[in-house]
Structures are given as structure tokens and as C-alpha cells.
Amino acid sequence: MCVLTIGIDVGTSAVKLIVMNEMGEVLRTVSRDYPLYLFNEGWSEQAPEDWWEATACALRELTTEYKDIAAVSFSGQMHGLVALDGDGNVLRRAILWNDQRTQAECDYLNNTVGRDVLLSNAANIALTGFTLPKILWMKNNEPELYEKIAMVMLPKDYIAYKLTGIAATDYSDASGTLLLDVKNQDWSDKMLSIAGLTRAQVPKLFKSYEAVGNVSGDSAEETGLPASVKVVIGGGDQAVGAIGTGTVEEGTCSVSLGTSGVLFVAMNDFAVDTSPAAIHAFCHATGRYHMMGVTLAAAGSSKWWVEQILDTADYSAEQKDITELGKNKVYYLPYLSGERTPHNNPLARGAFVGMGMGTTRAEMTQAMFEGVAFSLRDILTRIRALGKEISAARIIGGGAKSPLWCQIVADVLNVKVQKIHSGEGPALGAAILAMVGTGAYATVEEACAKIIKTTETYTPNVQAAAGYDKHYQIYTHLYGALKETYTKISEV
């Protein structure tokens with residue numbers, strides 16, 4: 001009998017659903033978008049009810065064609081704060097991963113509570129994107145709502161809750177809350193006490209490939225899913241996206257060129273970065289561990305530059321005159337939304353440096369691609385310093401559609417860059433986790449070995465890589481030169 005699963009990716013701009021069979025064939029894809037509320041210079045929110053309405057609508061469309069769904073699972077935008085009252089109602093719009101309002105709370109956590117306490121209890125320092133600073137912001141700024149919190153959960157977990165009535169999460173997504181003891185894979189009582197929460201106010205923890213329950217009667221009627229469908233909890237978008245590339249074995253690496261950029265390395269054993277660079281140490285959706293770093297504006301930089309500044313939607317046309325790599329003397333700092341790894345500075349801002357009277361449109365476009373690649377190299381440099389040697393990376397995300405950008409990433413990182421057969425990324429990873437949850441595969445690794453296939457490989461060009469080595473040294477100098485200026489700009 002053919003086994004069908006649905007992977008649900010709760011993203012920042014839309015929810016995407018795929019139907020997949022046990023051979024990994026994607027039979028149907030559906031997406032629904034929803035509003036994003038940006039305001040107050042750096043605040044970013046969404047309504048969880050919008051996620052659910054869009055997901056339920058997409059499920060109804062899929063279930064009119066596919067009746068025999070065995071399981072669903074999730075990938076979700078990480079870190080977003082969903083706060084529910086005692087009746088399961090949403091208390092306020094979710095504060096998202098890219099929201100920058102919590103610098104004061106991060107300063108309190110890193111400096112008053114202390115980095116050593118955070119690293120020993122949660123394996124990570126506080127960043128403005130993480131969930132705990134958002135909880136403290138609610139406590140400091142919306143105390144009447146904070147006092148009503150009965151349950152804190154993450155974006156994908158809200159959809160699982162609506163489907164099952166069960167408050168659940170997984171270790172990979174929980175790793176980004178700053179409430180999880182990542183090493184021991186349990187909620188940290190110390191970190192919960194700092195948040196002012198009890199274990200009753202956080203979901204039960206599961207492995208990403210474990211079923212938390214079945215679709216409830218009300219949700220079956222609303223979505224068209226039979227009540228027999230298993231709901232497998234899934235994971236954070238980066239860990240699940242890595243599943244969708246087959247990045248599951250020790251030392252394997254993936255690069256995501258989505259709105260944000262991520263460099264992700266799978267590991268069998270726990271390790272923590274104690275340097276100021278703030279490489280994240282998280283649980284992987286395989287049940288083991290991974291390290292990753294994030295640059296906040298990757299494909300987001302491309303969209304801003306091409307659509308906002310150049311006022312065009314023809315991405316290919318803007319790349320056609322870029323033919324020589326490793327020699328461009330224009331530099332771009334991709335800090336449009338502040339920066340996470342390695343600077344942990346929400347005040348940082350984007351910049352072009354090095355233009356002259358002869359600088360061309362193509363050179364600035366090339367600099368934009370290169371600047372994002374350099375920011376990924378910042379991450380890889382730190383992970384290599386921790387003893388992980390990477391020779392190849394699998395690349396996903398909207399930016400990976402550009403052969404030019406893939407080659408630039410290969411040259412700048414000086415590693416082979418591989419594309420895979422599917423561009424579904426996190427939704428595919430979620431469908432694979434759902435498949436493991438049905439028992440069709442015994443492990444995530446077995447499923448990935450069967451389903452994931454590489455297609456194209458971009459090999460570093462020796463001369464371009466040598467040129468980028470020199471230019472990277474200049475790039476790393478620019479942040480330090482501008483750091484004080486970023487602070488002055490924020491104070492104007």
C-alpha cells in the first residue's frame with residue numbers, strides 16, 4: 001500500500017504544504033500567504049490565527065484529492081513567541097524570529113544573569129531573536145498579558161495544537177527558546193525560573209519524528225483530514241530543512257539562502273561555542289545535535305537590492321554581466337536587519353563600500369552576492385575553529401536558484417556546493433519526518449539515504465577562491481570600522 005504524508009512548512013511569508021509518497025516523490029504542492037506586521041523600526045509580528053486559517057484552507061484543498069494521508073508533520077519558523085491563556089486563546093500577536101525589540105532584555109540576560117549561566121544551562125547566549133527575551137519583554141512591557149500566560153509555544157506547535165489539542169514541541173525548535181538544556185535534552189529549570197514560568201507553562205517535549213497524537217474531531221471537520229491521521233511534531237525550519245537536504249550524518253553541512261542565510265553542520269555529539277561569536281548549539285531533528293550560524297539578510301538582501309533599489313523583478317538580467325569572480329573591489333555588508341552571527345548586533349546596518357566613478361550596476365549586484373557569501377564564511381570560519389572540517393555543503397533556499405550565487409558561495413567558502421533534486425527544503429524534511437513517524441522508515445537517516453539525491457555540483461575555482469581569500473580579509477575589517485557609527489545612527 002502506498003504511504004502518503006503531508007509536510008507543512010509554517011514560514012514567515014506563507015505556509016507551504018506538500019504531499020509525498022514513501023519513495024520521496026512530491027505529488028502536490030499548495031501554499032497560502034498571510035500578513036506580516038512590521039512597525040516601530042525592527043518590530044515584526046504575525047497572528048497565529050492567520051497561520052491556522054491558511055493551513056486549514058490548504059489542507060482542505062489537498063484532502064479533496066488525497067484521502068489516504070497517514071501522517072502530517074511540520075517545519076516552522078523558529079523562536080516566535082505564541083502566548084496562550086488558560087482557554088487556549090492567543091493573548092497577542094506572535095513576536096517573530098526577526099524582531100529586534102528585545103536588546104534590553106538580552107543585555108540583562110548576557111550581562112546580569114551572565115553568559116556563563118546561559119551557556120551552562122542553555123548552551124547559547126541571548127540573542128534578540130530568541131524566545132526567552134521576548135517573554136521577558138512581555139513581562140516588562142505588557143505585564144497584564146504576561147500574567148495571563150498559561151502556555152508558551154512556537155509557531156509550528158500552535159498548528160499541531162490546533163490539530164490535536166495537545167501542547168507539544170520538539171527538541172530542535174525548543175533549542176532556540178533559550179529555555180532548553182540542549183545537552184541533556186530537557187527543559188532547564190534554571191532558565192524557566194528566569195522567565196518566571198513553570199513546566200506546566202511549556203509544552204511536552206518529543207523527538208521530531210515522534211507522533212504526539214491524532215487529528216481531533218473538530219480539526220478533522222475543519223481540515224478534511226481523517227481523525228486517524230498521525231500528527232508528528234516535526235522541528236525548527238533549519239533542522240528540518242537540513243533533513244530535506246540529507247544533512248544528517250556527522251560533519252555534513254548545508255547552506256540555506258532563504259530570507260535569512262544559515263550555515264548548518266550536523267554532529268553526533270554535543271558541543272558548545274563559548275566565544276563571543278555565538279555559534280548556536282542546538283538539537284538536530286535526527287535526535288542528535290548540530291551547530292549553526294545565521295546571517296539575517298541573505299535572499300532578503302537580493303530582494304531588497306533588485307526590487308527596491310533597482311526597481312525590477314528580472315533577477316537573471318541583473319546577473320548576466322557578472323562574469324569575473326574574485327576580483328570585485330566593491331564590498332557589501334548585508335546587515336539590513338542587524339546581524340546575528342558573529343556580531344550579535346541588532347544596530348548593525350547594510351553598507352556598500354569601495355565604489356568609484358566607474359563602478360557599474362553589475363559590480364554592485366555582484367558585491368551584494370559576495371557580501372552574503374562572506375557573511376556565511378564568517379560562520380564557517382568559527383565552526384572550523386571549533387574543530388569541524390567541512391569540504392562540501394548542500395545548498396537550498398530561493399537564492400540557490402541562481403547558478404552564479406551558488407558558484408560564488410563555493411568560491412568564497414572554498415568548498416564543493418551541491419544542489420539536490422528537490423527544491424522543497426523544509427516542507428520535504430517535514431514530510432520525511434512524517435514518514436518516519438508512520439514506521440515506513442526506521443530512522444531519519446534511512447529515509448534520507450533513500451529519498452535525497454544530489455544533482456549539480458559547483459566546484460571552487462582555484463583563482464577565484466584565492467582572490468576571495470584576500471577580499472574576505474578586507475570584508476572582516478569593515479564591520480569593526482563601522483561599529484561605532486551604527487550606534488551613533490541608532491541615537492539620531
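- Between the Q407 side chain and the T459 main chain, a donor and an acceptor come within less than 3.5 Å of each other.
- When each of Y475, Y332, Y472, Y468 is paired with E370, the side-chain hydrogen bond (donor to acceptor under 3.5 Å, both in side chains) condition holds for Y468 and for no other.
- Side chain to side chain, Q319 and S402 meet the donor-acceptor criterion of an N or O pair below 3.5 Å.
- In terms of modelled atom types and a separation under 3.5 Å, the side chain of R384 and the main chain of I390 share a donor-acceptor contact.
- Between L404 and L325, the closest side-chain pair of non-hydrogen atoms falls below 4.5 Å.
- More than 12 heavy atoms of other residues, nucleotides or ligands shown are found within 6.0 angstrom of CD on E250.
- Under the 4.5 Å side-chain criterion, counting only non-hydrogen atoms from C-beta, I379 is in contact with I279.
- Checked by atom type, the side-chain pair N345/Y479 shows a donor-acceptor distance below 3.5 Å.
- Between the side chain of S31 and the backbone N or O of V15, no donor-acceptor pair lies under 3.5 Å.
- Salt bridge K327/E363: absent, no basic N to carboxylate O contact under 4.0 Å.
- Considering only heavy atoms from C-beta on, M78 comes within 4.5 Å of D173 through its side chain.
- Around NZ of K453, the count of heavy atoms belonging to other residues, nucleotides or ligands within 6.0 Å exceeds 12.
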Go through it in stages, so that I can follow the logic: the residues are L376 and L257, the test is side chain to side chain contact (heavy atoms under 4.5 Å, CB included), and I'd like the CA-CA distance, side-chain angles, deciding distance and then a yes or no.
CA-CA 10 Å; L376 292 169; L257 289 178; 4.0 Å; yes
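- Heavy-atom contacts from other residues, nucleotides or ligands closer than 6.0 Å to NE2 of H477 number 12 or fewer.
- Expressed to the nearest 0.5 Å, how far OH of Y171 lies from CD of Q185 amounts to 6.0 Å.
- Between L109 and P133 there is a side-chain heavy-atom pair separated by less than 4.5 Å.
- A perpendicular orientation is assigned to the rings of H284 and F264, their planes being inclined by more than 60° (bins at 30° and 60°).
- The shortest non-hydrogen separation linking M291 to D273 is CE-N, 3.8 Å.
- Taking a cutoff of 4.0 Å between a charged side-chain nitrogen and a carboxylate oxygen, K156 and D170 qualify as a salt bridge.
- Checking S275 against R382 by side-chain atom types alone, a donor-acceptor pair falls below 3.5 Å.
- Listed for the Q418 side chain is no donor-acceptor partner under 3.5 Å among the backbone atoms of R394.
- Counting only N and O atoms by type, the side chains of S188 and D181 include no donor and acceptor under 3.5 Å apart.
- The backbone N or O of G326 sits less than 3.5 Å from a side-chain atom of H471, completing a donor-acceptor pair.
- Between F369 and W405, the ring-plane angle classifies as tilted under the 30° and 60° cut-offs.
- Taken from CG in L336 to CG in L296, the straight-line distance is 10.0 Å, to the nearest 0.5 Å.
- Under the 4.0 Å criterion applied to side-chain N and carboxylate O atoms, E41 and R349 are assigned as salt-bridge partners.
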With side chain to side chain contact (heavy atoms under 4.5 Å, CB included) as the test, would you mind laying out the steps for M364 and I309 before giving the verdict?
CA-CA 11 Å; M364 294 187 72; I309 306 303; over 6 Å; no
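- In this structure, Y486 and Y335 have perpendicular ring planes: the angle between them is above 60°, well past the 30° mark.
- D50 places no side-chain N or O within donor-acceptor distance of the main-chain N or O of Y34, the cut-off being under 3.5 Å.
- A donor-acceptor distance shorter than 3.5 angstrom exists from the side chain of S175 to the backbone of C283, with no hydrogens or angles considered.
- In this structure, N140 CG and I135 CD1 are separated by 12.0 Å, a value rounded to the nearest 0.5 Å.
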Evaluate side chain to side chain contact (heavy atoms under 4.5 Å, CB included) for H280 paired with L127, printing each intermediate quantity in order.
CA-CA 10 Å; H280 306 333; L127 303 176; 3.1 Å; yes
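- Using a 4.0 Å cut-off between a side-chain N of Lys or Arg and a carboxylate O of Asp or Glu, E45 and R92 qualify as a salt bridge.
- The distance from atom NZ of K388 to atom OG1 of T252, rounded to the nearest 0.5 Å, is 10.5 Å.
- Between L81 and D99, the closest side-chain pair of non-hydrogen atoms is not below 4.5 Å.
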Give the intermediate values and the outcome of side chain to side chain contact (heavy atoms under 4.5 Å, CB included) for residues R361 and L310.
CA-CA 9 Å; R361 177 171 174 149; L310 301 184; 3.7 Å; yes
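- Rounded to the nearest 0.5 Å, atoms OG1 (T454) and NZ (K419) are 12.5 Å apart.
- Side chain of T128 to main chain of Q103: no donor-acceptor pair is present (N/O by atom type, distance under 3.5 Å, no hydrogens or angles).
- Checked by atom type and distance alone, the side chain of S75 never pairs as donor or acceptor with a backbone atom of A427 at under 3.5 Å.
- A side-chain donor-acceptor contact under 3.5 Å links S44 and N98.
- Within the 4.5 Å cutoff, the side chain of T12 has heavy atoms near those of the L36 side chain.
- Scanning both residues, L180 and A174, for their nearest heavy atoms gives CB-O, 3.5 Å.
- By the 4.5 Å heavy-atom criterion applied to side chains, V82 and L154 are not counted as neighbours.
- A distance-only check finds no donor-acceptor pair linking the side chain of T102 to the backbone of K134 [under 3.5 Å].
- A salt bridge between K16 and E424 is present, with a side-chain N of the basic residue lying under 4.0 Å from a carboxylate O of the acidic one.
- The CD atom of Q77 sits 5.0 Å away from the CD atom of Q46 when rounded to the nearest 0.5 Å.
- Look at R377 and D411 and you find no salt bridge, because none of the NZ, NE, NH1 or NH2 atoms lies under 4.0 Å from a carboxylate O.
- Of all heavy-atom pairs between A126 and N344, the closest is O-ND2, 3.7 Å.
- L118 has its side chain within reach of M191: a pair of non-hydrogen atoms, C-beta onward, lies under 4.5 Å apart.
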